[in-house]
Chemist: 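I'd like to ask you about the structure that follows.
All values reported here derive from a predicted model rather than from experimental measurement. Residue numbers count from 1 along this sequence.
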Amino acid sequence: MQINRLYIENFRNYHQQQAEFDPNLNLITGKNAQGKSNLLEAIGYLSMASSFRGCGEGELIQWEKDYFYLQGHIESKNESFSLSAAVNKQKRRKWRIDQQVCRKLNEIIGRFHTVTFAPEDLLLIKGGPTLRRRYINRQMSQLYPEYFSLLVRYNQVVKQRNQCLKQQREDVLPLWDYQFIDLAAKITQRRLQLIGLLRPIVENVQESLQQGEKLTLHYQSYALASGDEEQMDEESLRRQLTAQVERMRRGELCRGISLCGPHRDDLAIDIDGVSSRAYASQGQQRSAALALKLAELAIAKEIRGEYPVLLLDDVLSELDGQRQKNLLRLTMGKTQTFLTATHFSFSRGRQWHVEKGKLTSNP
């Protein structure tokens, strides 16, 4: 998969910009705060309908402008299409695929697949569970569009259920419990399937990055309090979640929030059987984070039959020389790659320079 052309209007510090990209490697250089990351953020937005930096859409609109507009020409092994997004200050969105208006985000998510690796992703190991849940959710949403719909519905149900808990509405809670448990079981079971696929890939990638160390993944969930995650089907998960909800009822009513479910689960990442979050060195944590991101590429190739576009946002400066070489060795030539850096040089691909929101191609 690749993005051949991109048009940007009023996005971050880009007023109007058009570019045609190299199908293999695009190196974007420039001083800090000139727009390198903004370019990758625009590409990522077309993929996930959100910023990989976690910013609200209002922050993406150029200062004193009323809207931003993005259009990319995407090519995959099965199709080529135009994908555009227009967003105004009132947060009204208009998405189109080949001029056909898209009514729901699940029509967009997964059509243009990207994997982003930014400095904040190095916190995947030592950061909080929210980062690891986001890692899983982004993968699942792009690989399986129906998962995104499940996640949206689940978050809506959790919000409504929390309102009932805060208001002590025990009379209507069973109605929300039924929907909550059903959606939670579906989401958890799909996550377990992904972890099962990821586990051997992550182990192999880690072995190539850091020989002699074994990286293992385990999904941590209240629904798995007494059961082997490899054997859990939806019905088993419903039973476990039902029992957990009953046990936590008093605590949930006291605190006014849902205390179990996929929104509170975590991904345990161990190195040689020991928690990497608690005991791994900084170098080991960075290798583990790198292995997780590279595994995203491999799992996409396995499931969808082609590599996604890879966005490397100023990550080389955060890695030592050997890890830089490992990253480039495992990605170059496999996928269209966009790489930002203040100083870097390649003998192949296309090199770009950014200054004050202007992108120019180096000869």
Side-chain angles (χ1 to χ4, degrees), residues 106 109-110 113 115 124-125 127-155 157-158 161 177-206 214-248 258-271 273-277 288-289 291-304 308:
N106 61 5
I109 306 297
H113 195 165
V115 169
L124 265 173
I125 308 302
T130 300
L131 293 174
R132 291 180 287 279
R133 287 194 296 269
R134 186 172 180 236
Y135 165 80
I136 294 172
N137 286 337
R138 285 181 67 90
Q139 281 196 74
M140 289 292 297
S141 295
Q142 293 197 88
L143 292 170
Y144 307 104
E146 70 277 7
Y147 176 88
F148 179 78
S149 299
L150 283 174
L151 195 62
V152 169
R153 287 167 53 203
Y154 174 78
N155 289 334
V157 168
V158 170
R161 187 172 184 270
D177 286 346
Y178 177 81
Q179 296 182 62
F180 172 78
I181 291 167
D182 181 63
L183 290 167
K186 286 181 167 66
I187 289 171
T188 303
Q189 200 267 339
R190 284 157 176 77
R191 286 181 177 179
L192 290 174
Q193 288 178 338
L194 177 70
I195 301 306
L197 292 172
L198 269 176
R199 191 174 288 115
I201 293 173
V202 168
E203 289 181 9
N204 290 336
V205 172
Q206 175 69 1
K214 184 176 182 180
L215 188 68
T216 54
L217 307 179
H218 300 285
Y219 190 72
Q220 295 182 324
S221 171
Y222 287 109
L224 300 174
S226 59
D228 184 350
E229 62 185 86
E230 301 293 339
Q231 307 298 322
M232 298 295 276
D233 56 21
E234 278 187 33
E235 188 54 42
S236 299
L237 289 165
R238 285 191 189 91
R239 289 196 296 269
Q240 295 274 8
L241 282 160
T242 299
Q244 196 67 34
V245 165
E246 291 173 356
R247 283 194 293 268
M248 290 186 163
S258 301
L259 295 176
C260 64
H263 65 292
R264 298 182 68 88
D265 292 348
D266 198 359
L267 178 64
I269 305 163
D270 296 342
I271 297 177
V274 177
S275 169
S276 59
R277 185 182 182 190
L292 286 172
K293 300 305 290 189
L294 291 174
E296 282 192 65
L297 294 175
I299 200 74
K301 178 67 165 64
E302 183 172 315
I303 292 174
R304 301 188 59 165

Chemist: Under the side-chain hydrogen bond (donor to acceptor under 3.5 Å, both in side chains) rule, collect the residues that match up with Arg190, sequence neighbours excluded.
Modeler: Glu234

Chemist: Checking Asp182 now: which residues fulfil salt bridge (charged side-chain N to carboxylate O under 4.0 Å, His left out) with it, not counting sequence neighbours?
Modeler: Lys186, Arg238

Chemist: Under the rule for side-chain hydrogen bond (donor to acceptor under 3.5 Å, both in side chains), what residues qualify as partners of Arg153, not counting sequence neighbours?
Modeler: none

Chemist: How would you list all residue pairs meeting salt bridge (charged side-chain N to carboxylate O under 4.0 Å, His left out) that involve residues 130-145, not counting sequence neighbours?
Modeler: Arg132-Asp266

Chemist: Taking only residues two or more places apart in sequence, or in another chain, which ones meet Ala243 in a side chain to side chain contact (heavy atoms under 4.5 Å, CB included)?
Modeler: Arg247

Chemist: Could you go through the side-chain contact (heavy atoms from CB on, under 4.5 Å) check for Val158 and Leu183 one step at a time?
Modeler: CA-CA 10 Å; Val158 170; Leu183 290 167; over 6 Å; no

Chemist: Not counting sequence neighbours, which residues clear side chain to side chain contact (heavy atoms under 4.5 Å, CB included) with Lys214? List them please.
Modeler: Glu203, Thr216, Asp272

Chemist: Do you know which two heavy atoms are closest between Gly261 and Tyr222, and how far apart they sit?
Modeler: N-CD1, 4.4 Å

Chemist: Taking C-beta and beyond as the side chain, do Pro308 and Gln142 meet within less than 4.5 Å on heavy atoms?
Modeler: no

Chemist: Return the set of residues passing ring pair (Phe, Tyr, Trp, His ring centres under 6.0 Å) with Tyr135 (not counting sequence neighbours), or none when no residue passes.
Modeler: none

Chemist: Which residues pass the side-chain hydrogen bond (donor to acceptor under 3.5 Å, both in side chains) test with Ser258, sequence neighbours left out?
Modeler: Arg161, Asn162

Chemist: Who passes side-chain hydrogen bond (donor to acceptor under 3.5 Å, both in side chains) against Ser275, sequence neighbours left out?
Modeler: none

Chemist: Excluding sequence neighbours, so at least two apart, what forms side chain to side chain contact (heavy atoms under 4.5 Å, CB included) with Ala298?
Modeler: Ile201

